[in-house]
Amino acid sequence: MSIQRMDNVAIVVDDLDAAVGFFTDLGMELEGRAQIEGLYADRTVGLDGVRSDIAMMRTPDGHSKLELTKYHAPAVSDAEPRNPPPNTLGLHRVMFAVDDIDDTIARLRPHGAELLGEVARYEDIFRLCYLRGPAGIIVALAEQIG
């Protein structure tokens with residue numbers, strides 16, 4: 001047996017509308033929103049009294065999705081440190097291929113995106129960067145140049 005596909009990556013955020021705006025300006029499309037609560041939700045995530053709102057975002061090709069989740073109950077647990085560096089154990093970044101890295105950064109800056117370093121060149125193949133996105137996650141961008 002093998003898996004069929006990777007369905008989505010979930011990101012817990014404190015401001016769902018701001019996160020939707022960030023990923024929309026990145027170029028993702030809002031697939032839909034839903035309220036999540038009830039016994040099935042409690043059993044699935046292993047918490048009692050789950051009440052959340054989600055927004056499902058998809059890439060333009062339809063193959064990749066992000067589930068943005070805003071928990072109303074139980075209370076959100078803060079990660080320590082708040083903005084972990086890229087070498088922290090665990091899931092820490094999501095990478096997107098973009099057509100124009102400079103234009104993408106410019107569109108994301110009004111949403112609070114800040115470069116962690118600078119736009120760097122990997123040989124004559126890619127321009128790459130890491131920036132801080134919603135909920136402190138690292139969003140990596142890659143522009144193929146060669």
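Note that the coordinates shown come from a computational prediction; the quantities given were computed from them, not determined experimentally.
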Gap between atom OG of Ser64 and atom CZ of Arg58 - 0.5 Å precision: 12.0 Å
Value rounded to 0.5 Å, distance of CD in Glu143 from CG in Asp99: 8.0 Å
Closest heavy-atom pair and its distance - Arg109, Leu115: NH2-CD1, 3.7 Å
Hydrophobic cluster identity match, Val12 and Val50, side-chain contacts under 4.5 Å: yes
Pair Asp17 + Lys70, salt bridge at N-O below 4.0 Å: no
Shared hydrophobic cluster for Leu16 and Leu66 (ILVMFWY, side-chain gaps under 4.5 Å): yes
CZ on Phe23 to NZ on Lys65, rounded to 0.5 Å: 16.0 Å
Distance, nearest 0.5 Å, that separates CD of Glu31 from OG1 of Thr59: 10.0 Å
Hydrophobic cluster membership, Leu30 vs Val13, 4.5 Å side-chain cutoff: yes
Nearest-0.5 Å distance, CG of residue Leu116 to CG of residue Leu131: 7.0 Å
Heavy atoms from other residues, nucleotides or ligands near CD of Glu29 exceed 12 (cutoff 6.0 Å): yes
Contact check, side chains of Ile138 and Arg132, non-hydrogen atoms, under 4.5 Å: yes
Residue pair Leu68, Phe22: steps toward the side chain to side chain contact (heavy atoms under 4.5 Å, CB included) verdict: CA-CA 11 Å; Leu68 304 173; Phe22 178 93; over 6 Å; no
Shortest non-hydrogen separation from His63 to Asp61 and the atoms involved: N-OD1, 2.9 Å
Ile11 vs Pro134 side-chain heavy atoms within contact, under 4.5 Å: no
Shortest non-hydrogen separation from Asp100 to Thr104 and the atoms involved: O-OG1, 2.9 Å
Arg33 atom CZ, over 12 foreign heavy atoms within 6.0 Å: yes
Same cluster (ILVMFWY, side-chain, under 4.5 Å), Ile145 and Ile125: no
Heavy-atom closest pair, residues Ser52 and His72: CA-CD2, 4.0 Å
Residue Glu114 excluded, over 12 heavy atoms near CD under 6.0 Å: no
Distance in Å, Ile101 CD1 paired with Phe126 CZ, rounded so as to fall on 0.5 Å steps: 10.5 Å
For the student: nearest non-hydrogen atoms of Glu118 and Cys129, plus distance: O-CB, 4.0 Å
Common cluster, Leu128/Leu26, ILVMFWY with side-chain heavy-atom separation under 4.5 Å: no
Heavy-atom closest pair, residues Glu67 and Asn8: CB-OD1, 3.9 Å
